[in-house]
Number of protein chains: 2
Amino acid sequence: MIDTIKWTGHSVRIIDQTQLPNKLIYLDCRKVETLWGAIKTLKVRGAPALGIAAAYGVVLGIRDYQGTDTAAFVRRVCELCDYIGGSRPTAVNLFNALAQMRGLVLYNPDKTVAILKAVLEAEANAIYEEDRAVCRAMGQYGAGLIHSRDTVMTICNAGALATADYGTALGVMYAAKAAGKKFKVYSLETRPLLQGARLTAWELQKNKIDVTLICDNMAATVMRDKGVDIIFTGADRIASNGDTANKIGTYMLAVLAKYHKVPFYVVAPKTTFDLKIKSGKDIPIEERSAEEVTSFGFRRTAPEGIKVFNPSFDVTPHELISGIITEYGIIQKPFAASIKRVLAQQV
Amino acid sequence: MIDTIKWTGHSVRIIDQTQLPNKLIYLDCRKVETLWGAIKTLKVRGAPALGIAAAYGVVLGIRDYQGTDTAAFVRRVCELCDYIGGSRPTAVNLFNALAQMRGLVLYNPDKTVAILKAVLEAEANAIYEEDRAVCRAMGQYGAGLIHSRDTVMTICNAGALATADYGTALGVMYAAKAAGKKFKVYSLETRPLLQGARLTAWELQKNKIDVTLICDNMAATVMRDKGVDIIFTGADRIASNGDTANKIGTYMLAVLAKYHKVPFYVVAPKTTFDLKIKSGKDIPIEERSAEEVTSFGFRRTAPEGIKVFNPSFDVTPHELISGIITEYGIIQKPFAASIKRVLAQQV
């Protein structure tokens, strides 16, 4: 698999995903500000990858810290976490990773700055390594749902480019392929930023999975006329009742899936769950700039001054979800109880 | 209203819609081949406008006809009709207009070439004038469905740019506005060619209707979170049971409307009905080139060699349609019987 994000020992090396599929460019972020900008502008994206990026952002931010006063260092780490948390609001993995980093220093006020720095770097590495293991586990659990000759559908990019390994929704497909299954995939292009066209189509093609690109508004027709057996999507935040925030268009896809009786699965690790919130109503939805919709490259595609509504995510209510594939197995309905049971059992 | 298409006496003057919204450029087609190319490349588009363009295409093709033998002239007109009919397959208005033109010469074998030429030009002008009257009538019937403070949704462009006057779906909005109603409109951008962003947003903004542009995959979220009161779309061909072919994404919108309990109306003149066919299964669906989906301007947005499915239209089954607004009134369910009754009454 490609290295979407990696700690080099002195920088966070990421693929600049805004350049794909035309150019595969690696970007070394040596300062936390550079990484912050890369998160903001979607050079690195995908909920699990954002968790990893946030953790390494803290490491970058403390690398040149010269003081020896632990209390001051703890304040600095907390400031850094607040700063990184201000980059993007929806993916909870980012906040979960920052909470882990912040917790480490807050609960170890007796340690020296040098030790805390080492511990923080080790923690970021652990978050990275854990994501790799988690991807493989989700892949294994989900792969059983794909059968040979199936037609699969997905939106946005929940693949290697969204994680440290082979992804969430696409990880399931990679695991099914590794198990010798032959199937085809329809990738929704995912307006406005075309992650499905630029990233998912690129990834699946590179990994020799039979993929066909469609516009988002063709999904209903493909479900009816071509037959779709199963849909997999990633998630940016899952509430304790199973309501799932994911890329805009996911809710549309879930409604269409229900109408066409296509099973609709969310694939997400524990770090994507936000058990503090009861339902999707409490998930903040990032709205991005009008230009993402009104221009393409430097070419204007809508009249000047036009009003635009550009939510980057939507919330799919749990009623429309068939199951949630996690590293601990597939969570079934009723979600509120199952999520509590499955995740509470885990450390 | 803007002049989308107009006969100047020696050319068919059209707006080059591929240049909108950046440039308002009029194009004079002096030869039928030029007009054929303009239809093929969507410089002129929209089912009613295509009917008018097809009729004037015949006029262009016979302008320089020098012979005096009526039989030869009739053959020439039939050849021209076949040629023009090969430009785009889905909108039936184009074929209906050509059938009218062809019928004129076939049923008048006793007329001189000079007379037939004059009659054909008069017929094309009549098709043009009729479309204007028809737009107004549909607008009046449909306007009653819009109330002040309503939120309306539409896809693609079924407006002035699709007709000789103020459109079908958008005509209803123009009529409602003229009646003093205040409402807002969500325009789906309509991938891949962005007719909603480039044309509908431009038209409605120009006519001072409150319009907000969204990506197609946001329609479900807008219906649920913003509240949509009614949806209007145009049509490219309506079968005798009410099944309606229209721009890709219309079927998606109809399914989402059903789920969110939003009334879904099709606005189309008699010329859009194809009573020879029983259901939507018999409507040929144009598939266009992969490049429409994989590139933007000259910029590649999907990997080289990727497979693409790019149907330009989809069929919305009549069950999902609340009513069909025609120049004779609103056709209600059951459609097969109502369509027969309403259209049979008319000449």
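Proteins get letters first, then strands, A, B, ... in listed order; numbering begins at 1 in each.
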Below 4.0 angstrom, N of the basic side chain to O of the carboxylate: do A:R224 and B:D314 qualify? no
Atom group of B:R299 that falls short of 4.5 Å from chain A, counting heavy atoms: side chain
As an exercise, state the distance from CG of A:N217 to OG1 of B:T250, rounded to the nearest 0.5 Å. 8.5 Å
Using a cut-off of under 4.5 Å on heavy-atom pairs, state which of B:S187, B:P311, B:G196 scores highest against chain A. B:P311
B:K206, part contacting chain A, at a heavy-atom distance under 4.5 Å: neither
A:H260 to B:V255 - nearest heavy-atom pair and separation: CE1-CG2, 4.4 Å
Show the nearest heavy-atom pair for residues B:K307 and A:D210, with the distance to one decimal. NZ-OD1, 2.6 Å
Side chain, backbone, both or neither of A:P21 within contact of chain B (heavy atoms, under 4.5 Å): side chain
To check you understand the geometry: which heavy-atom pair defines the closest contact between A:P303 and B:A197, and what is its length? CD-O, 3.2 Å
Any idea which heavy atoms bring B:T294 and A:L213 closest together, and the distance? CG2-CD2, 4.2 Å
Between A:Q205, A:E292, A:E304, which residue shows the highest count of heavy-atom pairs closer than 4.5 Å to chain B? A:Q205
Are B:D225 and A:F309 close enough that some pair of their side-chain heavy atoms sits under 4.5 Å apart? no
Got a second to check how far B:M218's CE is from A:R191's CZ, nearest 0.5 Å? 8.0 Å
Would you mind checking which part of B:I285 comes under 4.5 Å of any heavy atom in chain A, side chain (CB onward), backbone (N, CA, C, O), both or neither? neither
What part of A:N310 gets closer than 4.5 Å to chain B, counting heavy atoms only: side chain, backbone, both or neither? both
Side chains of B:T221 and A:F313 in contact at under 4.5 Å (non-hydrogen atoms): no
Chain B: which of A:P192, A:G305, A:A302 shares the most heavy-atom pairs with it under 4.5 Å? A:A302
With side chains defined as the heavy atoms from C-beta onward, is the minimum distance between A:V293 and B:E189 less than 4.5 Å? yes
Flag the pair A:V308 / B:I214 as yes when at least one side-chain heavy-atom distance between them is below 4.5 Å, and no otherwise. no
What part of B:K247 gets closer than 4.5 Å to chain A, counting heavy atoms only: side chain, backbone, both or neither? neither
Could you check whether the rings of A:F296 and B:F296 sit parallel, tilted or perpendicular, using 30° and 60° as the cut-offs? parallel
